[in-house]
Amino acid sequence: MLAEAHATPDATPLDVVSMAVFCAPFNVSGQPAMSLPAALERERLPIGVQVVGGPWQESLLLRLASQLEARAPWRDRRPAIAAA
């Protein structure tokens, strides 16, 4: 069974986990979470940060992500890719 586009409070844990594997512990607890690019390391590979909001506070996380993107845009930051 495919997960719904948006989890509901009465969704099964499996439905919620299938939507976002890496944020699963927070989604199961009703806390929205997202992973955001935060910096580049010495070899110019991205370093991410995971932020977590209170239950049903997705809008807070989206506003935070928008502010971080405005302050430090990532659109043109890409790590070098080495072909084998």
Set of residues satisfying side-chain contact (heavy atoms from CB on, under 4.5 Å) with respect to L62, sequence neighbours excluded
M34
Sequence neighbours excluded, which residues qualify as side-chain contact (heavy atoms from CB on, under 4.5 Å) partners of Q67?
none
Test side-chain contact (heavy atoms from CB on, under 4.5 Å), reference P32, set V51, V52, L61, output is L61
Measuring from atom CG of L36 to atom CD1 of I47, what distance do you get when rounded to the nearest 0.5 angstrom?
14.0 Å
Atom CZ of R63 and atom CD of Q57: how far apart are they, to the nearest 0.5 Å?
7.5 Å
